[in-house]
**Student:** 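Quick one: the structure is below, and I'll ask about it shortly.
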Protein chains: 2
Amino acid sequence: MDGTRATPKPGNAAGASRVTRDAVLSTAMRLVMESGTEGLSMRKLAAELGVAVTSIYWHVGNREALLDELVERVLRDMGTIRVTGTTPVARIVSIAQASRHAILDRPHLISLVRERGLDSLMMLPTRRALVREFAAAGLHGTRAALAVQSVQYQVAGFVMLERALTGLPVEPPLVQAWLDEVAEGDPELARSMYDPADTDTLFDVAVRSIVESLLHEA
Amino acid sequence: MDGTRATPKPGNAAGASRVTRDAVLSTAMRLVMESGTEGLSMRKLAAELGVAVTSIYWHVGNREALLDELVERVLRDMGTIRVTGTTPVARIVSIAQASRHAILDRPHLISLVRERGLDSLMMLPTRRALVREFAAAGLHGTRAALAVQSVQYQVAGFVMLERALTGLPVEPPLVQAWLDEVAEGDPELARSMYDPADTDTLFDVAVRSIVESLLHEA
DNA sequence: ACCTGAACACCGTTCAAGT
DNA sequence: ACCTGAACACCGTTCAAGT
């Protein structure tokens with residue numbers, strides 16, 4: 001009933017283990033990549049490192065600070081956005097597309113950013129590129145700010161929604177019932193609405209429309 | 001040291017309290033409205049009702065089922081989207097605007113939907129209205145599906161991002177540093193980027209561009 | 001400087017037992 | 001049918017204590 005306590009440190013026979021701040025951060029990152037932020041607990045992280053929970057606190061402060069540091073790491077890894085194309089519209093659309101892919105390629109980034117409310121941080125590389133291109137296209141001051149923000153909102157909003165919708169097990173039954181009711185008389189429409197959206201096309205249509213309308217008024 | 005246990009049921013001297021499923025749901029809704037889904041715990045809810053935690057489980061199953069039920073309640077309360085305007089563009093833009101406001105007026109809905117991944121459920125009233133209007137504007141089949149989804153993604157993505165960004169204590173210092181660097185040479189732009197975005201205008205520009213481009217190709 | 005265990009104040013959920 | 005307490009398996013965080 002007592003006496004045996006279950007061995008606490010899997011890789012260490014006796015005495016204190018040691019970790020570096022760097023080891024804490026990269027193991028944390030691995031856990032987040034495997035199962036999102038909700039898969040990262042301080043206690044699981046400590047166990048993974050073969051160390052007492054409280055050591056983690058010494059190295060990184062607390063869970064929030066740990067997540068913030070992870071966000072910055074991913075951001076550094078993302079680097080800058082590559083711009084292609086020759087016309088202003090094409091170049092700005094290319095920024096939006098590159099941003100979307102850079103973010104979608106890092107699903108854990110969205111997980112981190114959502115929990116910590118650091119959405120604006122996530123968009124920094126995109127903002128840099130947009131400011132430059134809109135300036136090159138002749139927009140300055142508040143007009144430029146509006147243009148940059150428009151595209152930025154489009155990218156960030158779209159991607160976060162896209163991320164939230166994919167991975168869901170199809171539409172819940174309640175939604176299907178409503179769809180049938182709504183699309184009666186247009187069976188082709190009803191069928192198209194069951195399928196997952198073609199997000200590449202949706203994104204392209206939206207971004208191109210916005211950018212064209214922003215630039216043609218200049 | 002022992003003997004006194006602190007009175008467990010604030011409103012009930014002795015014996016078992018009683019709750020209805022309805023009381024559980026509306027108290028839960030109040031807690032969510034006060035402090036989001038993370039302010040709702042089964043134990044807090046039970047305490048609020050003066051009942052043992054386990055009673056809650058008898059009435060609603062578990063926490064996820066409880067949240068799902070709350071989503072449906074808010075949705076019923078939202079009702080249908082009112083359409084105004086005479087031209088197709090104006091009518092569809094009005095749907096987007098009404099949807100945005102209906103959702104922003106219910107911040108707890110976003111909180112619920114985020115945690116449960118029910119984004120598509122949140123957009124159902126909007127979808128109904130959009131299907132009707134695009135049909136009236138002459139779009140059918142897969143073209144109509146693309147159009148509906150475009151506007152729907154725009155509204156949902158924008159609103160969720162808008163909600164995530166507001167309530168933040170301004171831009172984090174790291175962002176400010178980057179902005180100064182990026183906007184050098186255009187002080188008016190730099191100033192505009194510090195300010196919170198004018199989301200009404202941003203939304204309007206984006207929606208109008210998208211809807212016009214969807215309809216003009218018809 | 002870095003690690004430790006104990007403790008506090010929380011969670012969601014299950015289960016056998018009461019009436 | 002509906003409520004109960006006890007128990008399990010988790011959380012994040014603080015603190016005094018060790019080396």
Side-chain angles (χ1 to χ4, degrees), chain A residues 1-25 27-28 31-32 34-70 111-112 115-116, chain B residues 1-25 27-28 31-32 34-70 111-112 115-116:
Chain A
M1 228 184 199
D2 44 10
T4 45
R5 283 265 185 194
T7 93
K9 293 175 238 112
N12 251 288
S17 294
R18 301 224 149 220
V19 254
T20 58
R21 180 184 157 86
D22 214 72
V24 171
L25 287 169
T27 303
L31 291 181
V32 171
E34 282 168 13
S35 43
T37 47
E38 87 268 22
L40 174 68
S41 80
M42 303 300 268
R43 302 178 111 108
K44 214 185 293 179
L45 177 54
E48 200 84 6
L49 288 161
V51 106
V53 211
T54 39
S55 299
I56 309 291
Y57 283 83
W58 194 89
H59 283 289
V60 297
N62 59 24
R63 191 167 182 276
E64 295 200 349
L66 171 58
L67 292 179
D68 288 357
E69 188 64 41
L70 292 185
S111 181
L112 288 163
E115 173 157 350
R116 294 293 300 126
Chain B
M1 230 182 199
D2 43 11
T4 47
R5 282 265 184 196
T7 95
K9 295 176 236 109
N12 253 288
S17 294
R18 299 221 151 223
V19 253
T20 59
R21 181 182 156 86
D22 215 72
V24 171
L25 288 169
T27 302
L31 290 180
V32 171
E34 283 169 13
S35 44
T37 47
E38 87 267 22
L40 174 70
S41 80
M42 302 301 267
R43 304 178 109 109
K44 215 186 291 179
L45 177 55
E48 200 85 4
L49 288 162
V51 107
V53 210
T54 39
S55 300
I56 309 291
Y57 284 83
W58 194 89
H59 283 290
V60 297
N62 58 24
R63 189 166 183 277
E64 295 200 348
L66 170 58
L67 291 178
D68 288 356
E69 187 65 42
L70 292 184
S111 181
L112 287 165
E115 173 156 350
R116 295 293 299 126

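All chains are named by letter (A, B, ...) in the order of the sequence lines, taking the proteins before the strands, and each is independently numbered beginning at 1.
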**Student:** Roughly how far, to the nearest 0.5 Å, is the CD1 atom of Ile56(B) from the CG atom of Leu45(B)?
**Tutor:**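 It comes to 4.0 Å.
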**Student:** Once you round it to whole Å, what is the distance between C1' of dC10(D) and CE of Met42(A)?
**Tutor:**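 Whole-Å distance recorded here is 15 Å.
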**Student:** Taking atom CG of Asp68(B) and atom CZ of Arg63(B), what is their separation to the nearest 0.5 Å?
**Tutor:**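 Taking CG in Asp68(B) and CZ in Arg63(B), the distance rounds to 11.0 Å.
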**Student:** Between Val19(B) and Ala23(B), which heavy-atom pair has the shortest distance, and what is it?
**Tutor:**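 Here Val19(B) and Ala23(B) meet closest at CG1-CB, 4.2 Å.
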**Student:** Please report the distance, rounded to the nearest Å, between CG in Asn62(A) and C1' in dC15(D).
**Tutor:**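 From Asn62(A) CG to dC15(D) C1': 16 Å.
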**Student:** Does either side chain, that of Thr37(A) or that of Glu115(A), offer a donor lying less than 3.5 Å from an acceptor on the other one?
**Tutor:**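 Yes, Glu115(A) and Thr37(A) have a side-chain donor paired with an acceptor closer than 3.5 Å.
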**Student:** Would you mind reading off the distance between Leu49(B) atom CG and dT4(D) atom P, rounded to a whole angstrom?
**Tutor:**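 It works out to 11 Å between those atoms.
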**Student:** Take the protein atom CG of Leu45(A) and the nucleotide atom P of dC10(D), then report the distance between them rounded to whole Å.
**Tutor:**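 So the CG-P distance, Leu45(A) to dC10(D), works out to 16 Å.
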**Student:** Of all the nucleotides listed (dC3(D), dT13(D), dC3(C)), which has the minimum atom distance to the side chain of Val51(B)?
**Tutor:**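 Among the listed nucleotides, the one closest to the side chain of Val51(B) is dC3(D).
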**Student:** For dT4(D), take OP1 and OP2 only and decide whether either is under 4.0 Å from a side-chain N or O of Ser55(B).
**Tutor:**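 Yes, Ser55(B) has a side-chain N/O under 4.0 Å of OP1/OP2 on dT4(D).
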**Student:** In this structure, how many angstroms lie between the P atom of dC2(C) and the CH2 atom of Trp58(A), rounded?
**Tutor:**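 About 4 Å, once rounded to whole Å.
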**Student:** Please report, rounded to the nearest Å, how far the P atom of dC11(D) is from the NZ atom of Lys44(A).
**Tutor:**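 Going from NZ in Lys44(A) over to P in dC11(D) covers 6 Å.
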**Student:** Answer yes or no: is there a side-chain heavy-atom contact under 4.5 Å between Val51(B) and Val24(B)?
**Tutor:**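 SC-SC contact between Val51(B) and Val24(B) ruled out.
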**Student:** What is the distance from CD of Glu64(B) to P of dG12(C), rounded to the nearest Å?
**Tutor:**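 Whole-Å distance recorded here is 12 Å.
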**Student:** Any base atoms under 4.0 Å from Leu40(B), or only sugar-phosphate, or nothing? Heavy atoms, all strands.
**Tutor:**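 Sugar-phosphate, backbone atoms only, no base.
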**Student:** Consider the side chain of Tyr57(A), meaning its heavy atoms from C-beta on, and name the nucleotide among dT13(D), dG12(C), dC2(C) that approaches it most closely.
**Tutor:**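 Among dT13(D), dG12(C), dC2(C), the one nearest the side chain of Tyr57(A) is dT13(D).
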**Student:** Tell me what Val19(B) touches on the nucleic acid: a base, only sugar-phosphate, or nothing, going by heavy atoms under 4.0 Å.
**Tutor:**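 Touches sugar-phosphate only.
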**Student:** To the nearest 0.5 Å, how far apart are CZ in Arg116(A) and CG in Leu66(A)?
**Tutor:**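 Going from CZ on Arg116(A) over to CG on Leu66(A), the span is 10.0 Å.
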**Student:** Both distances under 3.5 Å, Watson-Crick or G-U wobble: report the partner of dA17(C), or none.
**Tutor:**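 Paired with dA17(C), as far as the under-3.5 Å criterion goes, is no nucleotide at all.
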**Student:** Are OP1 or OP2 of dG12(C) and a side-chain N or O of Arg63(B) less than 4.0 angstrom apart?
**Tutor:**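 For Arg63(B), the contact criterion (side-chain N or O under 4.0 Å from OP1 or OP2 of dG12(C)) is met.
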**Student:** Does Thr54(A) make a side-chain N or O approach to OP1 or OP2 of dC3(C) shorter than 4.0 Å?
**Tutor:**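 Checking Thr54(A) against dC3(C): no side-chain N or O falls below 4.0 Å of OP1 or OP2.
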**Student:** Quantified in whole Å, what is the P atom distance between nucleotide dA9(C) and nucleotide dC10(D)?
**Tutor:**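 Pairwise P distance, dA9(C) against dC10(D), rounds to 22 Å.
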**Student:** Could you give the CZ-to-P distance, from Arg43(B) to dC8(D), as a whole number of Å?
**Tutor:**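 To the nearest whole Å, that distance equals 14 Å.
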**Student:** So what's dG12(C) paired with, Watson-Crick or G-U wobble, going by both distances under 3.5 Å?
**Tutor:**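 Its partner is dC8(D).
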**Student:** If you measure from the C1' atom in dC11(C) to the same atom in dC8(D), how many Å do you get, rounded?
**Tutor:**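 Looking at atom C1' only, dC11(C) and dC8(D) are 12 Å apart.
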**Student:** Counting only Watson-Crick or G-U wobble pairs whose two distances fall under 3.5 Å, which nucleotide matches dC3(C)?
**Tutor:**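 When the pairing criteria are applied, nothing turns out to pair with dC3(C), so the answer is none.
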**Student:** With a 4.0 Å cutoff (strictly under), does any side-chain N or O of His59(B) reach OP1 or OP2 of dC3(D)?
**Tutor:**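 Result: yes.
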